[in-house]
J.: 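Can you keep this structure in mind? I'll have questions shortly.
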2 protein chains.
Amino acid sequence: MKKATGRSITIRDVARAASVSVGTVSRSLNAPDSVRPATLSKVRSAIEALGFRPDSRAQIMRRRHTMTVGFVVDDIGNPLHAATFKAVSAVMRERGFSPYLVNTSGGADNEAAAIDMLQHGRADGVIMTINSEQDPGTLKRLAELRIPSVLLDRAIPLDIDAVLTDHAIGMRQATDYLIGLGHRRIALITGGRDIRPGRERVRGFVEAFQKHGLDVPADLIRAQSLSADYGFREASTLLQREKPTAIIAAGNRILVGVLRVIQQNRVSIPGDVSLIACDQTDLALLYPGPITLIDRDIEEIGRTAAHLLLERLASSEERPAQRISLPTRLILGGSCAPVTA
Amino acid sequence: MKKATGRSITIRDVARAASVSVGTVSRSLNAPDSVRPATLSKVRSAIEALGFRPDSRAQIMRRRHTMTVGFVVDDIGNPLHAATFKAVSAVMRERGFSPYLVNTSGGADNEAAAIDMLQHGRADGVIMTINSEQDPGTLKRLAELRIPSVLLDRAIPLDIDAVLTDHAIGMRQATDYLIGLGHRRIALITGGRDIRPGRERVRGFVEAFQKHGLDVPADLIRAQSLSADYGFREASTLLQREKPTAIIAAGNRILVGVLRVIQQNRVSIPGDVSLIACDQTDLALLYPGPITLIDRDIEEIGRTAAHLLLERLASSEERPAQRISLPTRLILGGSCAPVTA
DNA sequence: ACTATGGTTGGAAACGTTTCGAAAACGAGG
DNA sequence: CCTCGTTTTCGAAACGTTTCCAACCATAGT
């Protein structure tokens, strides 16, 4: 249990102790087969004796890669991001990479900073969910990104790999289902149209009504933010004034807000209003009973992103960006009922 | 939008372009005041023209620090860890550090690997929740850790800073409250005694009974794992066989499992059984109504850990490890009722 | 005995930055 | 015009590895 001594032991110290050259020590570490057993054991015991551990700063500097990949999200409090990261981590670790996560707390500045920090030698690749899809600064930075990257659920006009979810189709299905139950006044609460999931969900929602030749309840569409607060606010005013017969809480944080309103006002689900959520979170699965939801396979999203990145990492040859789109599926819970009126 | 060219631009290229020395370029970057305005602008425009960006690999190698701190957890799917990390991040970022998170998925091996990777030059400091509190290998590695570190909610016989929660007191209070309501057959489900929170919670639970001169319902104590599955299993058998009048689900993942049982078996809360949870998660706040819970200030835990680490980071002088203990408080929800019998 | 041959080893260069001592440039005071 | 003290700049060394090339050493083949 020695104190942290000033200078640390270098490969040179080991070389001297084992009376071999630095090159040999290095090779003993990285290609043990290329050094004679006798020499190897001399080196090994010197390493042991001195307690030498290679300085990864220097290693990273010399070999031009870090064997780490970054995962950038706006809010790790979102269980979806956490699950995705875990899936990514599993694949990456298996292939010898150390994955780590950076939380930007949203904000174009923070996202830019995160990209910057990863940019030059902190990570070999990056998987990210960028919120400032439109921010010119961010876009520029992404364009100039020199390491392989994969975007999650975002589509930007750049040559970058992406793993997407078919939100439009999923939403159309869900809306369709509600319409089939006789609902017409269906409210949709979701994220802003400036970011892909919001845009696509609104599109699917609208398409479902159009397919049936029905008027789109445009006044019931609230698409501005994925936050719990937004969900709370919009659900409050909707339930108070517009009285929809069904609500689609499209975003797992939004669901938290919506459920808060439902709980506070003792709204009965599905008695007073039908409810559809997105993604299997603890809350959606457990609430009073399981909520009907638009689900997707988060694990697969993570794995797909990881593999996409690994491909790029492996072969340095250029190839056009890939966009892989994964489906959703509707899981029926107990939160929807036919309209009685 | 230039293609990734083979060799990248170095400080030497800039020096040549601006016809100054490398030293001057370096100083223009790091201490602009020490270079004449005329020279500075020459250098700046050369940098601009060439699109030079310093290679942080080399910077890290040269200056001996990375300005990053690692945050190690076993499961980032746990909302508590996520919240703690966010709090840590906020403080650290403010002070110029880039925090990042590593998920070990539990397992002594993975934890050891994470520590190893941070160890040498990946991070300047580390905040962690180590599950293998007893694992000799892990312990050894922690003892040899050469960078400042803070342990969260873990106490090991080593000279390491730690931020702890007063689980025992919190649990004693909660148990006390239930006893006051007339409960005697109180079940406790929590993590293993080999890890601090489990150990302390059991202690507090036992103390509460002893204080009242009551027999401890030892058969109702289930302390082995903090997982949702464990919560589910134990709640199932408890409700089926032992019929407690109250359950304390001490651990937010455990709560998920317990609620699953409650939902599936249509157990009425607090009609059939009273329930106390730990920590303000979405689920605990919203379930059917807010659950009575043993709460703690996660933000403060994160901030405290961050500050502890910053202190060590700032002054390199040795000082004995600090252990800071933070309180819990009981928040009354609607999940507890007096026993009627 | 002498030369190929193939596996090992030594030593130095390189990676891109920061830093340090010395040299140069500058401005002011005599 | 010279000297002195301050700023500013130069150039090289250093950080701890990896990697490359040349040198070395056996052994086997002739």
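Reckoned from all heavy atoms, side chains included, excluding hydrogens, waters and symmetry mates. Labels below follow one simple rule: chain letters A, B, ... track the order of the sequence lines, proteins then strands, and each chain is numbered from 1. Since the model is a prediction, treat every value here as computed from it, not as a measurement.
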J.: Strictly below 4.0 Å: does A:Thr39 bring a side-chain N or O up to OP1 or OP2 of C:dT8?
T.: no
J.: Would you say B:Gln59 places a side-chain N or O within less than 4.0 Å of OP1 or OP2 belonging to C:dT18?
T.: yes
J.: Please work out if B:Arg27 contacts a base, only the sugar-phosphate, or nothing of the nucleic acid, heavy-atom cut-off 4.0 Å.
T.: base
J.: I'd like to know if the side chain of A:Asp124 and the backbone of A:Thr66 have a donor-acceptor N/O pair within less than 3.5 Å.
T.: yes
J.: Calculate the interatomic distance between A:Ile11 atom CD1 and D:dT19 atom C1'; express it in whole Å.
T.: 12 Å
J.: Which heavy-atom pair separates A:Arg319 from A:Asp159 by the least distance, and what is that distance?
T.: O-OD2, 4.4 Å
J.: Has B:Arg36 got a side-chain N or O lying under 4.0 Å from the OP1 or OP2 atom of D:dT8?
T.: no
J.: Do A:Leu309 and A:Asp161 come close enough that some side-chain heavy atom pair is under 4.5 Å?
T.: no
J.: Take atom CZ of A:Arg63 and atom P of C:dG16, then tell me their distance rounded to the nearest Å.
T.: 16 Å
J.: Figure out the CG/P separation between B:Leu40 and D:dT8, and round it to whole Å.
T.: 11 Å
J.: Taking B:Val22's backbone N and O only, do any of them form a donor-acceptor pair with B:Ser26's side chain (distance below 3.5 Å, no angle check)?
T.: no
J.: Between C1' on D:dC15 and CD1 on A:Ile9, what's the gap in Å once rounded to a whole number?
T.: 16 Å
J.: Tell me which of A:Val22 and A:Val35 sits closer to the 5' end of DNA chain C, going by the nucleotide each one is nearest to.
T.: A:Val35
J.: In whole Å, I'd like the distance from the CG atom of A:Asp33 to the C1' atom of C:dT9.
T.: 16 Å
J.: Please state how far atom CE in A:Met61 lies from atom P in D:dT19, giving the value in whole angstrom units.
T.: 13 Å
J.: Confirm from the modelled atom types if B:Arg62 and C:dT17 form a donor-acceptor pair under 3.5 Å, side chain to base only.
T.: no
J.: Touch check for B:Ser26, heavy atoms < 4.0 angstrom, all strands: base, sugar-phosphate only, or nothing?
T.: base
J.: Is there a side-chain polar atom (N or O) of B:Thr24 under 4.0 Å from OP1 or OP2 of D:dC10?
T.: yes
J.: Between C:dT19 atom C1' and B:Leu29 atom CG, what is the distance in whole Å?
T.: 14 Å
J.: Return yes when atom CZ of A:Arg95 has more than 12 non-hydrogen atoms of other residues, nucleotides or ligands closer than 6.0 Å, and no otherwise.
T.: no
J.: Looking at C:dG16, I'd like to know if its phosphate oxygens (OP1 or OP2) sit under 4.0 Å from a side-chain N or O belonging to B:Thr10.
T.: no
J.: Name the nucleic acid region contacted by B:Ser56, choosing base, sugar-phosphate or nothing; use a 4.0 angstrom heavy-atom cut-off, strictly under.
T.: nothing
J.: Whole angstrom is fine here: how far is it from CZ in A:Phe52 over to C1' in D:dG16?
T.: 8 Å
J.: For B:Arg12, report the nucleic acid contact type (base, sugar-phosphate, nothing); a contact means any heavy atom under 4.0 Å.
T.: base
